[in-house]
K.L.:
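Let me begin by handing over the structure; questions about it come next.
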Amino acid sequence: MAISAKLLGEDEYVVVSTRTHWKALIGPVLLLLVVAAAGGFLAAIVPTGSLQTPARIAILAVGVVILAAFALKPFLNWFFSTYTITNRRLITRHGILTRTGRDIPLMRVNDVSYEHGLIDRILGCGTLHIESAGERGQVVLPDVPHVEHVHLQMSDLLFGGPDGKPGDGILENEDPPEHMRRRPQQPQQPQQQSRSDDAETLFSSDDDR
(Lines give C-alpha, C1' and ligand atoms only; values in the text may rest on other atoms or scores of the structure.)
Protein backbone atom coordinates (compact mmCIF):
# COMPACT_ATOMS: atom_id res chain seq x y z
CA MET A 1 0.00 0.00 0.00
CA ALA A 2 2.89 2.37 0.74
CA ILE A 3 4.49 4.22 -2.15
CA SER A 4 7.57 2.61 -3.63
CA ALA A 5 10.87 3.64 -2.10
CA LYS A 6 12.16 4.34 -5.61
CA LEU A 7 9.76 7.28 -5.86
CA LEU A 8 11.05 8.93 -2.68
CA GLY A 9 13.70 11.61 -2.69
CA GLU A 10 16.89 11.69 -0.67
CA ASP A 11 16.22 11.79 3.09
CA GLU A 12 12.47 11.45 2.37
CA TYR A 13 10.42 8.94 4.31
CA VAL A 14 6.75 7.95 4.58
CA VAL A 15 4.86 9.27 7.61
CA VAL A 16 1.31 8.12 6.75
CA SER A 17 0.09 5.87 3.94
CA THR A 18 -3.53 4.76 3.71
CA ARG A 19 -6.48 4.04 1.47
CA THR A 20 -9.91 5.55 1.93
CA HIS A 21 -11.98 4.12 4.76
CA TRP A 22 -13.60 0.71 4.32
CA LYS A 23 -17.03 2.33 4.42
CA ALA A 24 -16.57 2.83 0.66
CA LEU A 25 -17.05 -0.95 0.37
CA ILE A 26 -20.37 -1.10 2.21
CA GLY A 27 -22.38 -0.47 -0.97
CA PRO A 28 -20.53 -3.05 -3.13
CA VAL A 29 -20.77 -5.72 -0.41
CA LEU A 30 -24.50 -5.16 0.06
CA LEU A 31 -24.99 -5.29 -3.72
CA LEU A 32 -23.04 -8.56 -3.88
CA LEU A 33 -25.29 -10.12 -1.24
CA VAL A 34 -28.49 -8.90 -2.92
CA VAL A 35 -27.45 -10.05 -6.41
CA ALA A 36 -26.29 -13.42 -5.12
CA ALA A 37 -29.52 -13.98 -3.21
CA ALA A 38 -31.72 -12.83 -6.11
CA GLY A 39 -29.76 -14.88 -8.65
CA GLY A 40 -29.96 -18.01 -6.54
CA PHE A 41 -33.70 -17.54 -6.02
CA LEU A 42 -34.41 -16.98 -9.72
CA ALA A 43 -32.24 -19.94 -10.73
CA ALA A 44 -34.11 -22.16 -8.26
CA ILE A 45 -37.58 -21.28 -9.55
CA VAL A 46 -36.79 -21.78 -13.24
CA PRO A 47 -39.09 -24.58 -14.42
CA THR A 48 -37.59 -27.78 -15.64
CA GLY A 49 -37.29 -28.35 -19.36
CA SER A 50 -35.01 -27.66 -22.27
CA LEU A 51 -34.76 -23.96 -21.40
CA GLN A 52 -33.75 -24.44 -17.79
CA THR A 53 -29.99 -24.50 -18.41
CA PRO A 54 -29.93 -21.52 -20.83
CA ALA A 55 -32.14 -19.55 -18.42
CA ARG A 56 -29.79 -20.18 -15.52
CA ILE A 57 -26.80 -19.21 -17.65
CA ALA A 58 -28.57 -15.98 -18.59
CA ILE A 59 -29.32 -15.23 -14.93
CA LEU A 60 -25.68 -15.85 -14.06
CA ALA A 61 -24.47 -13.61 -16.89
CA VAL A 62 -26.75 -10.75 -15.84
CA GLY A 63 -25.57 -11.09 -12.23
CA VAL A 64 -21.91 -11.01 -13.28
CA VAL A 65 -22.45 -7.88 -15.40
CA ILE A 66 -24.23 -6.09 -12.54
CA LEU A 67 -21.50 -7.01 -10.07
CA ALA A 68 -18.71 -6.01 -12.46
CA ALA A 69 -20.26 -2.60 -13.14
CA PHE A 70 -21.49 -1.65 -9.68
CA ALA A 71 -19.42 -3.71 -7.22
CA LEU A 72 -16.10 -4.74 -8.75
CA LYS A 73 -15.24 -1.32 -10.16
CA PRO A 74 -15.79 0.54 -6.84
CA PHE A 75 -13.72 -2.10 -5.07
CA LEU A 76 -10.83 -1.70 -7.51
CA ASN A 77 -11.06 2.09 -7.25
CA TRP A 78 -10.77 1.77 -3.47
CA PHE A 79 -7.90 -0.73 -3.69
CA PHE A 80 -5.75 1.29 -6.09
CA SER A 81 -6.38 4.73 -4.58
CA THR A 82 -3.95 5.80 -1.86
CA TYR A 83 -3.08 8.84 0.25
CA THR A 84 0.54 9.16 1.29
CA ILE A 85 2.16 11.83 3.46
CA THR A 86 5.94 12.00 3.59
CA ASN A 87 8.12 14.50 5.39
CA ARG A 88 8.27 16.44 2.12
CA ARG A 89 5.04 15.91 0.14
CA LEU A 90 1.39 14.98 0.09
CA ILE A 91 0.98 12.27 -2.58
CA THR A 92 -2.36 11.06 -3.99
CA ARG A 93 -2.77 8.20 -6.46
CA HIS A 94 -6.00 7.14 -8.20
CA GLY A 95 -7.11 4.97 -11.11
CA ILE A 96 -7.25 1.34 -12.19
CA LEU A 97 -5.86 1.16 -15.72
CA THR A 98 -5.06 4.85 -16.15
CA ARG A 99 -3.24 6.05 -13.06
CA THR A 100 -3.43 9.69 -12.01
CA GLY A 101 -1.46 11.32 -9.25
CA ARG A 102 -0.78 14.62 -7.59
CA ASP A 103 2.12 15.73 -5.41
CA ILE A 104 1.90 18.81 -3.19
CA PRO A 105 5.09 19.99 -1.44
CA LEU A 106 4.40 20.59 2.24
CA MET A 107 6.07 23.99 1.94
CA ARG A 108 3.10 25.10 -0.18
CA VAL A 109 0.50 24.05 2.39
CA ASN A 110 -0.92 26.99 4.32
CA ASP A 111 -3.51 25.24 6.49
CA VAL A 112 -4.86 21.78 7.24
CA SER A 113 -8.18 20.98 8.93
CA TYR A 114 -10.65 18.12 9.21
CA GLU A 115 -14.33 17.45 9.73
CA HIS A 116 -16.36 14.35 10.52
CA GLY A 117 -20.06 13.91 11.17
CA LEU A 118 -21.75 11.49 13.51
CA ILE A 119 -21.47 8.48 11.16
CA ASP A 120 -17.82 9.27 10.42
CA ARG A 121 -17.07 9.51 14.14
CA ILE A 122 -18.68 6.11 14.74
CA LEU A 123 -16.73 4.53 11.88
CA GLY A 124 -13.48 6.34 12.71
CA CYS A 125 -12.93 8.42 9.59
CA GLY A 126 -13.40 11.95 8.27
CA THR A 127 -12.60 14.47 5.56
CA LEU A 128 -9.26 16.24 5.46
CA HIS A 129 -9.14 19.79 4.02
CA ILE A 130 -5.77 21.08 2.85
CA GLU A 131 -5.24 24.69 1.78
CA SER A 132 -2.29 25.05 -0.57
CA ALA A 133 -0.68 28.02 -2.25
CA GLY A 134 -0.92 26.37 -5.68
CA GLU A 135 -3.29 27.13 -8.52
CA ARG A 136 -5.92 24.60 -7.42
CA GLY A 137 -6.22 25.98 -3.91
CA GLN A 138 -8.02 23.57 -1.61
CA VAL A 139 -7.50 19.80 -1.71
CA VAL A 140 -10.21 17.61 -0.16
CA LEU A 141 -9.42 14.04 0.89
CA PRO A 142 -12.67 12.26 1.79
CA ASP A 143 -13.07 9.22 4.05
CA VAL A 144 -9.58 9.35 5.59
CA PRO A 145 -9.19 6.66 8.30
CA HIS A 146 -8.17 7.99 11.73
CA VAL A 147 -8.44 11.53 10.38
CA GLU A 148 -7.56 13.12 13.73
CA HIS A 149 -4.26 11.24 13.89
CA VAL A 150 -3.47 12.08 10.26
CA HIS A 151 -4.28 15.74 10.95
CA LEU A 152 -1.93 15.73 13.96
CA GLN A 153 0.88 14.10 12.00
CA MET A 154 0.58 16.61 9.17
CA SER A 155 0.38 19.56 11.55
CA ASP A 156 3.63 18.46 13.21
CA LEU A 157 5.30 18.29 9.80
CA LEU A 158 4.03 21.73 8.81
CA PHE A 159 4.37 23.73 11.98
CA GLY A 160 6.76 21.71 14.13
CA GLY A 161 6.42 20.11 17.53
CA PRO A 162 6.16 21.60 21.03
CA ASP A 163 9.52 23.40 20.66
CA GLY A 164 8.02 25.59 17.93
CA LYS A 165 10.63 24.74 15.32
CA PRO A 166 9.60 24.23 11.68
CA GLY A 167 8.71 20.66 10.83
CA ASP A 168 10.47 18.24 8.50
CA GLY A 169 8.53 19.72 5.59
CA ILE A 170 11.32 22.31 5.39
CA LEU A 171 14.78 21.25 4.38
CA GLU A 172 17.72 22.38 6.47
CA ASN A 173 19.20 24.47 3.66
CA GLU A 174 15.88 26.07 2.68
CA ASP A 175 14.23 29.20 3.97
CA PRO A 176 10.78 28.58 5.49
CA PRO A 177 7.74 30.20 3.87
CA GLU A 178 6.69 33.62 5.05
CA HIS A 179 3.88 32.29 7.26
CA MET A 180 6.31 29.92 9.05
CA ARG A 181 9.08 32.42 9.72
CA ARG A 182 9.69 33.59 13.24
CA ARG A 183 9.35 37.25 13.95
CA PRO A 184 12.74 38.93 14.36
CA GLN A 185 13.60 40.19 17.80
CA GLN A 186 12.98 43.87 18.40
CA PRO A 187 16.18 45.94 18.45
CA GLN A 188 17.13 47.72 21.63
CA GLN A 189 15.74 51.17 22.16
CA PRO A 190 18.15 54.03 21.36
CA GLN A 191 17.51 55.55 24.78
CA GLN A 192 18.68 52.41 26.53
CA GLN A 193 21.73 52.22 24.30
CA SER A 194 22.68 55.85 25.09
CA ARG A 195 22.36 55.15 28.82
CA SER A 196 24.70 52.19 28.55
CA ASP A 197 27.18 54.37 26.60
CA ASP A 198 27.04 57.02 29.33
CA ALA A 199 27.68 54.37 31.95
CA GLU A 200 30.70 53.11 30.04
CA THR A 201 32.02 56.71 29.72
CA LEU A 202 31.71 57.36 33.46
CA PHE A 203 33.37 54.07 34.27
CA SER A 204 36.26 54.84 31.93
CA SER A 205 36.76 58.30 33.47
CA ASP A 206 37.01 56.77 36.94
CA ASP A 207 39.71 54.44 35.71
CA ASP A 208 41.70 57.35 34.29
CA ARG A 209 41.66 59.02 37.66
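The residues of the chain are indexed from 1 along the displayed sequence. Please read these numbers as outputs of a predicted model, since none were measured by experiment.
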K.L.:
Does His146 have any side-chain hydrogen bond (donor to acceptor under 3.5 Å, both in side chains) partners at least two apart in sequence or in another chain, and if so, which?
P.N.:
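Here no residue qualifies.
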
K.L.:
Quick one: do Val29 and Trp22 end up in the same hydrophobic cluster if we chain Ile, Leu, Val, Met, Phe, Trp and Tyr together by side-chain heavy atoms under 4.5 Å apart?
P.N.:
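Different clusters.
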
K.L.:
For Leu42, which residues count as a side chain to side chain contact (heavy atoms under 4.5 Å, CB included) partner, sequence neighbours excluded?
P.N.:
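Expected list: Ile45, Ile59.
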
K.L.:
How does the hydrophobic cluster around Val65 look, that is, which other residues are in it when side-chain heavy atoms under 4.5 Å mark a link?
P.N.:
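Listed partners: none, Val65 stands alone.
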
K.L.:
Residues two or more places apart in sequence or in another chain: which of them pass salt bridge (charged side-chain N to carboxylate O under 4.0 Å, His left out) with Glu12?
P.N.:
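Applying salt bridge (charged side-chain N to carboxylate O under 4.0 Å, His left out) to Glu12 gives Arg89.
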
K.L.:
Is a side-chain donor or acceptor of Asp120 paired with a backbone partner of Cys125 at a separation under 3.5 angstrom?
P.N.:
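Answer holds: no.
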
K.L.:
Under the ring-ring contact (aromatic ring centres under 6.0 Å, His included) rule, what pairs show up with a residue in residues 34-53, not counting sequence neighbours?
P.N.:
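Every pair satisfying ring-ring contact (aromatic ring centres under 6.0 Å, His included) with a residue in residues 34-53: there are none.
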
K.L.:
Would Leu106 end up clustered with Leu152 when hydrophobic side chains under 4.5 Å apart are linked, directly or stepwise?
P.N.:
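They do not share one cluster, since no chain of ILVMFWY contacts under 4.5 Å joins Leu106 to Leu152.
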
K.L.:
Taking only residues two or more places apart in sequence or in another chain, which ones pass side chain to side chain contact (heavy atoms under 4.5 Å, CB included) with Gln52?
P.N.:
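If we apply the side chain to side chain contact (heavy atoms under 4.5 Å, CB included) test to Gln52, skipping adjacent residues, the hits are Val46, Thr48, Arg56.
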
K.L.:
Verify, without hydrogens or angle tests, whether Trp78 (side chain) and Leu25 (backbone) share a donor-acceptor contact under 3.5 angstrom.
P.N.:
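Answer holds: no.
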
K.L.:
Restricting to salt bridge (charged side-chain N to carboxylate O under 4.0 Å, His left out), what partner residues turn up for Arg93, sequence neighbours left out?
P.N.:
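Testing Arg93 for salt bridge (charged side-chain N to carboxylate O under 4.0 Å, His left out), a comparison that skips the adjacent residues, returns Asp103.
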
K.L.:
Return the minimal non-hydrogen interatomic distance between Pro145 and Thr18, and the atom names on each side.
P.N.:
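Pro145 and Thr18 have their closest heavy atoms at CG-OG1, 3.5 Å.
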
K.L.:
Please tell me whether Phe70 and Ile96 are part of a single hydrophobic cluster in this structure, the criterion being side-chain heavy atoms less than 4.5 Å apart.
P.N.:
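Different clusters: Phe70 never reaches Ile96 through Ile, Leu, Val, Met, Phe, Trp or Tyr contacts under 4.5 Å.
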
K.L.:
Go through the structure and list residues passing side chain to side chain contact (heavy atoms under 4.5 Å, CB included) with Val35, not counting sequence neighbours.
P.N.:
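With sequence neighbours excluded, Val35 shows a side chain to side chain contact (heavy atoms under 4.5 Å, CB included) to Leu31, Ile66, Leu67, given in chain and number order.
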
K.L.:
Please list all pairs passing the ring-ring contact (aromatic ring centres under 6.0 Å, His included) test where one or both residues lie in residues 95-123, with sequence neighbours left out.
P.N.:
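Passing the test, one end in residues 95-123: Tyr114-His116, Tyr114-His151.
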
K.L.:
Side-chain heavy atoms under 4.5 Å apart, restricted to Ile/Leu/Val/Met/Phe/Trp/Tyr: what other residues fall into the cluster of Val140, or is it alone?
P.N.:
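Hydrophobic cluster check, Val140: no partners found.
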
K.L.:
Going by the rule side chain to side chain contact (heavy atoms under 4.5 Å, CB included), which residues pair with Thr92 if we only count those two or more places apart in sequence or in a different chain?
P.N.:
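For Thr92 the side chain to side chain contact (heavy atoms under 4.5 Å, CB included) partners, ignoring immediate neighbours, are Tyr83, His94, Arg102, Leu141.
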
K.L.:
Not counting sequence neighbours, list each pair that qualifies as a salt bridge (charged side-chain N to carboxylate O under 4.0 Å, His left out) and has a residue in residues 137-146.
P.N.:
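Counting only pairs at least two positions apart or across chains, the salt bridge (charged side-chain N to carboxylate O under 4.0 Å, His left out) contacts touching residues 137-146 are Lys23-Asp143.
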
K.L.:
Mind running side chain to side chain contact (heavy atoms under 4.5 Å, CB included) on Leu90 and Val109 for me, showing each step along the way?
P.N.:
CA-CA 9 Å; Leu90 167 65; Val109 176; 5.9 Å; no

K.L.:
What's the shortest heavy-atom distance between Ser81 and Gly95, and which atoms?
P.N.:
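Closest heavy-atom pair between Ser81 and Gly95: OG-N, 4.2 Å.
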
K.L.:
Between the main-chain N or O of Leu123 and the side-chain N or O of His21, is there a donor-acceptor pair closer than 3.5 Å?
P.N.:
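Yes, His21 side chain to Leu123 backbone: donor-acceptor pair under 3.5 Å.
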
K.L.:
Decide side chain to side chain contact (heavy atoms under 4.5 Å, CB included) for Asp11 and Arg88; before the verdict, give the C-alpha distance in whole Å, the side-chain angles of both, and the deciding distance to 0.1 Å.
P.N.:
CA-CA 9 Å; Asp11 297 330; Arg88 300 285 184 265; 4.3 Å; yes

